[in-house]
Amino acid sequence: MLRLHGIVGRSSDPQFRGPLHRLEHSGCIELLYVPPEDAGRKRFRLSTDRGTDCAVSLGRGEELSDGALLFIDDHRAIVARFGEQRLWRLQPRDAAAALQLGWHAGNLHWRVRFEESRLIVLLDGPLETYRSRIRMLLDDGSVEDDAGV
């Protein structure tokens with residue numbers, strides 16, 4: 001269990017942009033999704049999207065917000081997100097489409113999981129932004145889009 005006390009800053013703070021950008025390219029940013037019912041709590045225990053068990057405690061004057069940076073070092077950062085992880089399910093038509101989809105997902109540094117023959121994209125931004133990046137695969141029917149995010 002990783003004990004996290006206090007808020008280090010915000011992921012949008014200028015002093016963290018460079019380090020977070022490097023960590024993002026290495027796939028070393030973990031997201032801690034805080035359910036709405038826990039948003040006002042000063043102490044809670046949750047796991048990140050990568051499975052790190054975190055015990056979070058906040059000071060009296062601190063208030064957790066979406067994008068709060070809870071931990072950062074040279075190897076990893078943990079950022080709080082409100083709500084639940086949004087998922088986008090993609091079903092390639094055949095093996096060739098699966099290769100193309102995998103190539104795009106890798107080059108775009110998407111966080112993904114696999115569910116049988118489907119690719120599950122863990123969304124960190126607007127779905128339409130993701131769709132626009134593989135629009136050609138969606139439009140020609142190579143990949144079926146499960147819009148039920």
Derivation of the salt bridge (Lys or Arg N to Asp or Glu O under 4.0 Å) call for Glu128 and Arg135: CA-CA 10 Å; Glu128 196 50 45; Arg135 175 73 55 209; 2.5 Å; yes
Nearest 0.5 Å, what's the [atom1]-[atom2] distance between [X] and [Y]?
X      : Y      : atom1 : atom2 : result
Ser12  : Arg17  : OG    : CZ    : 7.0 Å
His104 : Tyr130 : NE2   : OH    : 15.5 Å
His25  : Leu20  : NE2   : CG    : 11.5 Å
Asp146 : Leu87  : CG    : CG    : 10.0 Å
Ser142 : Met136 : OG    : CE    : 9.5 Å
Arg43  : Leu58  : CZ    : CG    : 9.0 Å

Please tell me if the side chains of [X] and [Y] come closer than 4.5 Å, counting only heavy atoms from C-beta onward.
X      : Y      : value
Arg89  : Glu144 : no
Leu32  : Arg81  : no
Trp88  : Asp145 : yes
Leu90  : Ile134 : yes
Val143 : Leu119 : no
Ser117 : Gln91  : yes

Taking all heavy atoms of [X] and all of [Y], pick out the closest pair and write down the distance.
X      : Y      : answer
Met1   : Ala55  : SD-CB, 3.4 Å
Leu137 : Asp140 : O-OD1, 3.0 Å
Leu70  : Gly6   : CD2-O, 3.9 Å
Leu23  : Asp74  : CD2-O, 3.6 Å

Partner of Leu69 under side chain to side chain contact (heavy atoms under 4.5 Å, CB included), chosen from Val79, Ile29, Asp13: Val79
Name the atoms and distances for all side-chain donor-acceptor pairs under 3.5 Å in residues 60-68, with sequence neighbours left out.
| residue | atom | partner | partner atom | Å |
| --- | --- | --- | --- | --- |
| Glu62 | OE1 | Gly59 | N | 2.8 |
| Glu62 | OE2 | Ile7 | N | 2.9 |
| Ser65 | OG | Arg10 | NH1 | 2.7 |
| Asp66 | OD1 | Phe82 | N | 2.8 |

Would the distance check show the side chain of [X] and the main-chain N or O of [Y] forming a donor-acceptor pair, the cut-off being under 3.5 Å?
X      : Y      : answer
Arg118 : Ile120 : no
Thr48  : Arg50  : yes
Asn107 : Trp103 : yes
Arg93  : Ala98  : no

ring-ring contact (aromatic ring centres under 6.0 Å, His included): pairs with one or both residues in residues 32-80, sequence neighbours excluded: none
Under 3.5 Å side-chain donor-acceptor pair for Arg76 and Thr52: yes
Test ring pair (Phe, Tyr, Trp, His ring centres under 6.0 Å) applied to His5 - qualifying residues, sequence neighbours left out: none
Under a 4.5 Å side-chain heavy-atom rule over Ile, Leu, Val, Met, Phe, Trp and Tyr, are [X] and [Y] clustered together?
X      : Y      : result
Val121 : Leu138 : yes
Val112 : Leu99  : no
Leu46  : Leu4   : yes
Trp110 : Phe114 : yes
Ile78  : Val8   : no

